[in-house]
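Order of appearance sets the numbers: ligands from 1, and atoms from 1 within every ligand.
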Amino acid sequence: MAVSDHVNLEQFMDGVLRRNPGETEFHQAVYEVAVDIFDFIEDKEVYHAAQILRRIAEPDRVVSFRVCWEDDCGNVRVQRGYRVQNNNAIGPYKGGLRFHRSVNQSILKFLAFEQTFKNSLTGLAMGGGKGGSDFNPKGKSDNEVMRFCQSFMTELYRHVGEHTDVPAGDIGVGAREIGYMFGQYKRITNRYVGVLTGKGLEWGGSLVRKESTGYGVVYFLEDMLKHSNDVVEGKVVAVSGSGNVATHAAEKAVQLGAKVVTMSDSGGFVHDPDGFTLEKVHWVMAHKGHRSGQLADYVAEFPGATFHEGERPWKVPCDVALPCATQNELSKADAELLVKNGVKAVVEGANMPTTNDGVKVFRDARVLFGPAKAANAGGVAVSGLEMSQNSTRLMLREEELQGLLRDIMLNIHSNCLEYAKRPDGYVDYAKGANIAGFKKVADAMLAFGIQ
Ligand code: GLU
């Protein structure tokens with residue numbers, strides 16, 4: 001008979017580091033989850049014996065491929081494409097595609113790992129995956145983007161499918177890119193199915209998908225504040241980013257009566273002490289385009305605002321911080337500054353925007369902290385609803401979808417609460433999200449036996 005000999009957290013992480021050399025973002029994401037899971041499973045032999053966490057931290061499959069395309073000057077360009085299929089215990093792989101020059105295997109493995117827990121938290125039947133390329137769509141013509149997307153899908157199509165793996169957008173991938181990729185999938189396979197989400201409304205997309213991630217972030221904030229007898233109205237909010245998540249989070253925060261004072265892009269951040277009105281948020285949405293550093297033009301349009309080149313917004317005093325740009329954009333020093341300036345809540349719109357030592361600062365200071373895998377799950381949740389609509393060939397109405405999104409976010413909040421209470425009364429949402437997300441996937445894996 002096998003003698004049970006549990007590895008501890010340290011030995012587990014040694015293994016993760018040894019098997020995935022140089023993949024620092026992946027190590028970071030796994031460690032952040034493993035700390036809480038080791039605590040949770042301490043007295044649960046079955047999860048140890050079946051090596052569940054070790055299995056979730058080993059992607060089912062990582063596909064990497066060459067993507068060749070021709071630019072407008074006739075030069076041959078070579079990019080690398082990926083799809084990381086992390087885990088499909090509770091549904092087909094699901095998760096976005098990121099096109100950004102920083103994309104590498106470590107970043108996509110961390111994103112696919114996170115996505116597994118996030119998708120589980122939505123309560124919908126979706127496993128976790130992520131993909132993308134080091135292609136940078138900024139500054140490229142429509143034709144260049146089209147040629148790249150078609151070439152990318154010419155390989156990706158053999159790995160995805162409506163019941164197998166359903167990609168969507170992420171940084172650098174919006175409706176335009178999804179359109180080119182969906183068109184190519186349809187052309188190659190001669191099948192019109194929901195193989196991608198985030199589609200245009202005329203060709204199988206869902207209402208509310210565009211708004212869902214950002215709105216969901218603010219709904220999660222609303223639920224966290226309500227749980228501690230507080231409200232969004234009147235809060236001063238610092239937002240980072242100015243893409244789809246950031247602008248819709250800002251829009252919802254303004255609608256709920258908050259004062260949003262910052263937004264940012266790769267060039268720096270705008271501080272608007274008068275607050276972003278809906279009109280100003282819509283200006284950002286309209287001008288966030290295909291050129292980097294476009295936000296700097298805001299100050300010419302709206303006097304009273306200042307642009308801070310090359311800086312991040314975390315030094316601006318605020319009640320609420322919503323990091324909605326990218327991974328590791330909020331460091332330990334930023335977290336300490338936010339705490340010093342009296343921040344009450346931090347809710348992650350981007351994936352893993354806060355470094356692990358930054359999260360510790362918030363937890364130690366008892367700041368309400370909404371982790372990405374719970375707080376930004378509204379986007380993939382509405383993707384799940386887009387998949388259902390594609391299967392039934394019926395479109396849900398906007399009010400229905402808005403209501404479903406609101407309910408799903410509330411449900412995620414309650415699921416987190418179940419495991420989030422610390423003995424001192426602090427609600428540790430990061431821990432709650434990790435455990436609730438893990439449990440559903442782990443129990444499904446146990447049901448399937450050793451595989
Ligand atoms: N990329 C988004 C995320 O990080 C959405 C994924 C999806 O809709 O599949 O959750």
Legend entry - Sub-4.5 Å side-chain heavy-atom contact between Arg363 and Arg422: yes
Legend entry - Side-chain heavy atoms of His287 within contact of Trp283, under 4.5 Å: yes
Legend entry - Side-chain H-bond candidate by donor/acceptor type, Ser206 with Gln389, under 3.5 Å: yes
Inset, instruction - May I ask you to check whether Asp60 and Asn87 show a side-chain donor-acceptor distance below 3.5 Å? - result: no
Within the 4.0 Å heavy-atom shell around [X], which atoms of ligand 1 are there?
X	value
Ala168	7 (C), 8 (O), 9 (O)
Ser383	7 (C), 8 (O), 9 (O)
Gly95	9 (O)
Gln115	3 (C), 4 (O), 6 (C), 10 (O)

Legend entry - Test applied, side chain to side chain contact (heavy atoms under 4.5 Å, CB included); reference residue, Val103; option that passes from Leu108, Leu111, Ile171, Asn136: Leu108
Inset, instruction - Assert yes or no for the condition that the ring centre distance of Phe152 to Tyr180 is strictly below 6.0 Å. - result: no
Legend entry - Closest protein heavy atom (residue, atom, distance) for atom 9 (O) of ligand 1: Lys94 NZ, 2.7 Å
Inset, instruction - Give the residue, atom name and distance (to 0.1 Å) of the protein heavy atom nearest atom 6 (C) of ligand 1. - result: Gly96 N, 3.6 Å
Applying a strict 4.0 Å limit to heavy atoms, is [X] in contact with ligand 1?
X	result
Ala372	no
Lys118	yes
Arg98	no

Legend entry - ligand 1 contact on Asn351 by region, counting heavy-atom pairs under 4.0 Å: side chain
Inset, instruction - Check Arg209 against ligand 1 and report side chain, backbone, both or neither, counting heavy atoms closer than 4.0 Å. - result: side chain
Inset, instruction - Before accepting this row, confirm whether a basic side-chain N of the pair Glu386/Arg209 lies closer than 4.0 Å to the acidic partner's carboxylate O. - result: no
Legend entry - Basic-acidic side-chain contact under 4.0 Å: Asp71, Arg77: yes
